[in-house]
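Sequence lines set the chain letters: A, B, ... in the order given, protein chains first and strands last, and positions in each chain run from 1.
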2 protein chains.
Amino acid sequence: MIRLSKKVEYGLIAIRHIATKPAGEIVTAKEIADTYGIPYELLSKVLQKLTKSGLITSHQGMRGGYALARPPVEIPVSLIISAIEGTRQAIVQCLSEGPQTCNVFTVCTIKSPLTKVQANIERAFSTMNLSEIV
Amino acid sequence: MIRLSKKVEYGLIAIRHIATKPAGEIVTAKEIADTYGIPYELLSKVLQKLTKSGLITSHQGMRGGYALARPPVEIPVSLIISAIEGTRQAIVQCLSEGPQTCNVFTVCTIKSPLTKVQANIERAFSTMNLSEIV
DNA sequence: CAATATACGACCGTACTGGTCCAATTTCAG
DNA sequence: CTGAAATTGGACCAGTACGGTCGTATATTG
């Protein structure tokens, strides 16, 4: 039907793992990769994206790693997803990109009905926060 | 965030177009393709899938075309999507394919939390039927 | 018989995805 | 101050899915 990318899966697993630790504790990418059998380099990229969007903080150098930037309650699942996927805002191209890239934009008849479904999905992801998946 | 494929978009537009006609009226793929500027061959494939899953009926030969197989109220949007996409049942691989293909299946910690989101999304698509998007 | 329609398989280019490799940089511990 | 451990970031690659096209077979009707 609809699928989250592997990167998002890894990101969710990782940030959840961090959230299970005592607040402020620093976790390395290697630890997470080893724990779940996730490719280390790929996971690193994902964690870097989460860092750039301010959901987690990074600490370079020896004894470095990652920690949550805010309490889990303030991290909705929707933010985690959009931090990793970046683009792809809407379920139909029209809604997010408009006439430039959608060839049927002007004659499209399903845009407005689908905004309801869209809102529903967004609500599903934004009402659930990190504290609910630990 | 999450995106419906172009085929599904075309399928929704097409079946909606058929639904706007008087019940039983036959519409050709060409008419739909021309109306919305959709590639004819691609649309044909989509309509064939909708036919195979029993949502619409096809009539070959001259004066042939497609018509709804049931009243619009009995055609949930979810059926249209799964008819066209076939596979891809769940938002995370684990949920639909299990341990064979998911490398983190046994240690995955986000499966069960995400089933709630999953159910939410499915409800969003299955509670909306064709009569609501015409 | 000919025109019109669906049915179906093969094919193609592009883009994205998951994954790997490598080098640079920062930081702390000894 | 040096080296190990960690993040950062760019390049790259194989596989696959997607959107789209083409050609052909088959059915139906006028």
Inset, instruction - Kindly compute the distance separating CG (B:Leu79) from OG (B:Ser53), expressed to the nearest 0.5 Å. - result: 8.0 Å
Inset, instruction - State which of D:dC22, C:dG18, C:dA7 makes the closest approach to the side chain of B:Glu41. - result: D:dC22
Legend entry - Side-chain donor/acceptor of B:Lys45 to base of C:dG9, under 3.5 Å: yes
Inset, instruction - Take atom OH of A:Tyr66 and atom P of D:dA5, then tell me their distance rounded to the nearest Å. - result: 17 Å
Inset, instruction - Take the protein atom NE2 of B:His59 and the nucleotide atom P of D:dT29, then report the distance between them rounded to whole Å. - result: 10 Å
Legend entry - B:Glu9 CD - D:dG20 P separation (whole Å): 10 Å
Legend entry - Length of the line joining A:Ile26:CD1 and D:dT7:C1', which is rounded to integer Å: 12 Å
Inset, instruction - May I have the distance from A:Leu42 (atom CG) to D:dT7 (atom P), rounded to whole angstrom? - result: 14 Å
Inset, instruction - With the side chain of A:Tyr40 defined as its heavy atoms from C-beta on, choose the nearest nucleotide among D:dT28, D:dT21, D:dT7. - result: D:dT7
Legend entry - Selected nucleotide, minimal atom distance to B:Gln60 side chain, candidates D:dT8, D:dG20, C:dT6: C:dT6
Inset, instruction - Treating Ile, Leu, Val, Met, Phe, Trp and Tyr as nodes and any side-chain heavy-atom pair under 4.5 angstrom as an edge, say whether B:Ile18 and B:Met128 lie in one connected cluster. - result: yes
Inset, instruction - Please state whether the phosphate of C:dC16, meaning OP1 or OP2, lies under 4.0 angstrom from any side-chain nitrogen or oxygen of A:Ser5. - result: no
Legend entry - Proximal nucleotide (of D:dA4, D:dT8, D:dT21) relative to the A:Met62 side chain: D:dA4
Inset, instruction - Round to the nearest Å and state the distance from B:Leu43 atom CG to C:dC8 atom P. - result: 16 Å
Legend entry - Side-chain N or O of B:Tyr10 closer than 4.0 Å to phosphate OP1/OP2 of D:dG20: yes
Inset, instruction - Measure across A:Gly11 and A:Val46 and return the closest heavy-atom pair with its distance rounded to 0.1 Å. - result: CA-CG1, 3.6 Å
Inset, instruction - Please determine, by modelled atom types, if B:Glu85 and B:Ser5 share a side-chain donor-acceptor pair under 3.5 angstrom. - result: yes
Inset, instruction - For B:Lys49, answer base if it contacts any base atom (sugar-phosphate contacts may also be present), sugar-phosphate if it contacts only those atoms, and nothing otherwise; contact means non-hydrogen atoms under 4.0 Å. - result: nothing
Legend entry - Selected nucleotide, minimal atom distance to B:Ala29 side chain, candidates D:dT8, C:dT6, C:dG18: C:dT6
Legend entry - B:Lys30 to B:Tyr40 - nearest heavy-atom pair and separation: N-CE1, 3.7 Å
Legend entry - A:Ser44 side chain near D:dT8 phosphate (N/O to OP1/OP2, under 4.0 Å): no
Legend entry - Nearest to side-chain heavy atoms of B:Thr51, which nucleotide of D:dG20, C:dA7, D:dG9: C:dA7
Inset, instruction - State which of D:dA6, D:dG19, C:dC8 makes the closest approach to the side chain of B:Lys7. - result: D:dG19
Legend entry - A:Ala83 to A:Leu50 - nearest heavy-atom pair and separation: CB-CD2, 4.1 Å
Inset, instruction - Round to a whole Å and report the spacing from NZ of B:Lys6 to C1' of C:dC16. - result: 16 Å
Inset, instruction - Consider the side chain of A:Thr28, meaning its heavy atoms from C-beta on, and name the nucleotide among D:dG3, D:dT7, D:dG20 that approaches it most closely. - result: D:dT7
Inset, instruction - Could you state the atom-to-atom distance from CD1 of B:Ile84 to C1' of D:dC18 in whole Å? - result: 14 Å
